[in-house]
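We're numbering straight along the sequence, starting at 1. Predicted model only: the values in this text are computed from it and were never measured. Read the numbers this way: they start at 1 and go in the same order the structure lists the ligands and their atoms.
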Amino acid sequence: MCGIIGYIGNRQATPLLVGGLRKLEYRGYDSAGVSVLDPGNGATSRVVRCRGKLANLEEKLNKEPAPGTVGIGHTRWATHGRPSDENSHPHKVGAISIIHNGIIENHLALRAELHAAGAKFSSETDTEIFAHLVDQQLTAGAENLTVAVRRALQKVRGSYAFVVMSDKEPGTLVAAKNSSPLVVGLGEGENFVASDVTAILSETRKVIFIDEGEIVTVTRDGVAITDFEGKPRHREPKIITWSAVQAEKGGFKHFMLKEIHEQPRAVADTLTGRIDLEGDDVRLDGVELDVKSIKRIVFIACGTSYHASLVGEFLVESLARIPVEVDLASEFRYRDPIVGPGDLVIAISQSGETLDTMEAIREAKKKGATVLAISNVVESSIPRLADHSFYTHAGPEIGVASTKAFTTQLVAISLLAIYLGRRNGALSRERARTLLGELVQLPNKMRDVVDMSAHLQVLARRYGHADGFLFLGRGAQYPIALEGALKLKEISYIHAEGYAAGEMKHGPIALIDEHLPVVVLVPKGPSYDKTVSNLAEVRARQGKVLAIATRGDNEIGSHADDVVLVPDTAVELQPILTVLPLQMLSYYVADLKGTDVDQPRNLAKSVTVE
Ligand code: AGP
């Protein structure tokens, strides 16, 4: 999830671009850059870009100014190609400068094709490929930049918002959208394009939101929208009334709520380019494992990532039939663990900088185990320490309480389990096909659940005054009970406990009375009947039961005080849906209590101390 901005007008572009990028830095801060054209003196555009935070770019621009009244700017969240100067945007090919937010799925095939046609690449990114494609169309005779972009798009699959500038057409910026956000900001004798209103709100409040499959041609005096076939489209501008801070949160009250609502997109991005429906298989770029030699898998992680690992134990054992252990990283390294050659140690970390997990990796490597990292931050320390790594594509997670990183971790681990099971023969093509089919449908099903805000707000008002909560689940729902309790503790400061439902009668049942809300995860599946009997044990002690169950379950209502129904899916994937109401319940309870939801007391987003 990168930040993009473009300006065309009569004012100096660079300060406007940098000002906008400052507002977009929450979207990604691996590198930044601008390309600016001074139409007055027929010069070519000047590209200034570098690795690291925007401050590095500002420093560089002080030494290498980029004058001109047309320009594009970018702040990067690395997905394809490590953070570096060469991989920074804008990319320039011939007269074409380009910036991009999204992922070109078929980038490998296009790169090979362009390479065969003699193209020379200066970066590892998927984005540079599109600059070559546009340049190719212009060389092949496209009458203008808009036509060239339209023709080049025919070849591209994936998610994108591109902004393209040509030294040969200084009066135009061309942008195109397919699932990544894109807005146009309207001014007097000047116009802007950006990935969200945050970047341009200080300059204009009059914006046009660009829709899927649209190309927008922007000049100083106007904006023309067409579809990918060239047919004109019309859209009335909207007047934005949000404050700048509100805009950064996309109009949501907190980053956490925004990130809860971003989960369908984050999961879709994490699936992009990894599902091979023809082969009933999974592609995991950056992972070359000798699967048949793996004797055992050991997950190591902390906090929410540890809960994802516990779901991973369930997924990998059921889909790949490889024995799995899960360890708290902070315990693993001091336990003189018995790991070694033949063991695959999987380290899960959103930030990629958690010291407990890094030290646990060092311990595992010292003992000869192979280490695979799953992280949300490209080139962070943990993936660099590991032997293999692949990434979730949740985009930057600002709220300290992890939400979208967690569900993308569950999706990444599901992909890994299918990958392992297909390669060691434990998973049949038919079963893989069913699971892959369910995975593809997840983003829409998740959207259904996150749209149940109103219901969860009512439940938060009903239960939010309690002094304690108990969360119960069986099988893969047990870690979700732990995660629900952690979310509530982290942001509302209410004591909460997650417990295996079958374990309740061995102790915590003593806590139950009419004042204790008990959240029970009871989706359809092998543990349903047993969990319903645990639910009855709670109600027998006047406990208040909030059940998270599967849509179409007409029974559960008679066993619970309140019910939240989530869409049905494969048992292995249910945790990705059942955790959503728990995230939302915690959020609304904390919001009612007025705690600092995004930066709760005593917590840090990345724990870099032991
Ligand atoms: C979760 O909401 C917390 N922020 C915390 O438990 C977190 O999961 C833990 O610190 C691990 O962080 P990581 O995934 O970045 O390694």
Side-chain angles (χ1 to χ4, degrees), residues 77 254-260 262-263 266 270 299-312 326-333 345-362 364 371-386 389-413 471 479-494 496 498 575 579-580 582-587 589-590 595-610:
W77 177 263
H254 292 102
F255 278 111
M256 182 180 177
L257 186 61
K258 176 176 175 254
E259 288 156 5
I260 286 173
E262 280 179 343
Q263 294 183 91
T270 301
F299 281 94
I300 48 174
C302 307
T304 287
S305 298
Y306 170 74
H307 296 153
S309 305
L310 289 171
V311 177
V326 181
D327 241 311
L328 286 165
S330 53
E331 288 296 317
F332 179 86
R333 72 158 301 197
V345 169
I346 303 179
I348 313 272
S349 174
Q350 185 287 127
S351 61
E353 301 297 346
T354 300
L355 188 56
D356 286 328
T357 307
M358 284 164 67
E359 293 306 332
I361 291 173
R362 292 197 176 97
V371 176
L372 165 70
I374 299 179
S375 177
N376 191 47
V377 181
V378 171
E379 285 289 310
S380 52
S381 308
I382 286 173
R384 269 189 283 127
L385 208 50
S389 60
F390 76 100
Y391 296 99
T392 55
H393 291 314
E397 191 173 64
I398 311 290
V400 166
S402 183
T403 52
K404 61 178 180 173
F406 180 63
T407 46
T408 58
Q409 284 168 350
L410 296 184
V411 164
I413 298 169
F471 291 77
I480 300 305
L482 294 173
E483 179 58 11
L486 177 64
K487 285 284 103 55
L488 193 65
K489 281 184 273 199
E490 280 188 282
I491 60 174
S492 75
Y493 316 147
I494 296 173
V579 73
L580 301 174
L582 306 191
Q583 295 169 344
M584 296 160 80
L585 179 71
S586 309
Y587 171 78
V589 168
T595 61
D596 185 343
V597 169
D598 283 337
Q599 289 169 347
R601 68 187 184 197
N602 309 341
L603 288 177
K605 183 63 189 170
S606 176
V607 183
T608 53
V609 294
E610 271 196 282

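When each of E262, E397, Q263 is checked for a side chain to side chain donor-acceptor pair (under 3.5 Å) with K404, only E262 meets the rule.
A 6.0 Å sphere centred on CD of Q599 holds no more than 12 heavy atoms belonging to other residues, nucleotides or ligands.
Aromatic rings from Y587 and H254 are positioned such that their centres are separated by under 6.0 Å.
Residues forming a salt bridge (charged side-chain N to carboxylate O under 4.0 Å, His left out) with E490 (at least two apart in sequence, or on another chain): K487.
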Check against side-chain hydrogen bond (donor to acceptor under 3.5 Å, both in side chains), S381 and E353 = CA-CA 6 Å; S381 308; E353 301 297 346; 2.5 Å; yes

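Protein residues lining ligand 1, listed by chain and number: C302, G303, T304, S305, S349, Q350, S351, T354, V400, A401, S402, K487, E490, V607 [non-hydrogen atoms, distance under 4.0 Å].
Proximity of V371 to L385: side-chain heavy atoms (C-beta onward) are nowhere separated by under 4.5 Å.
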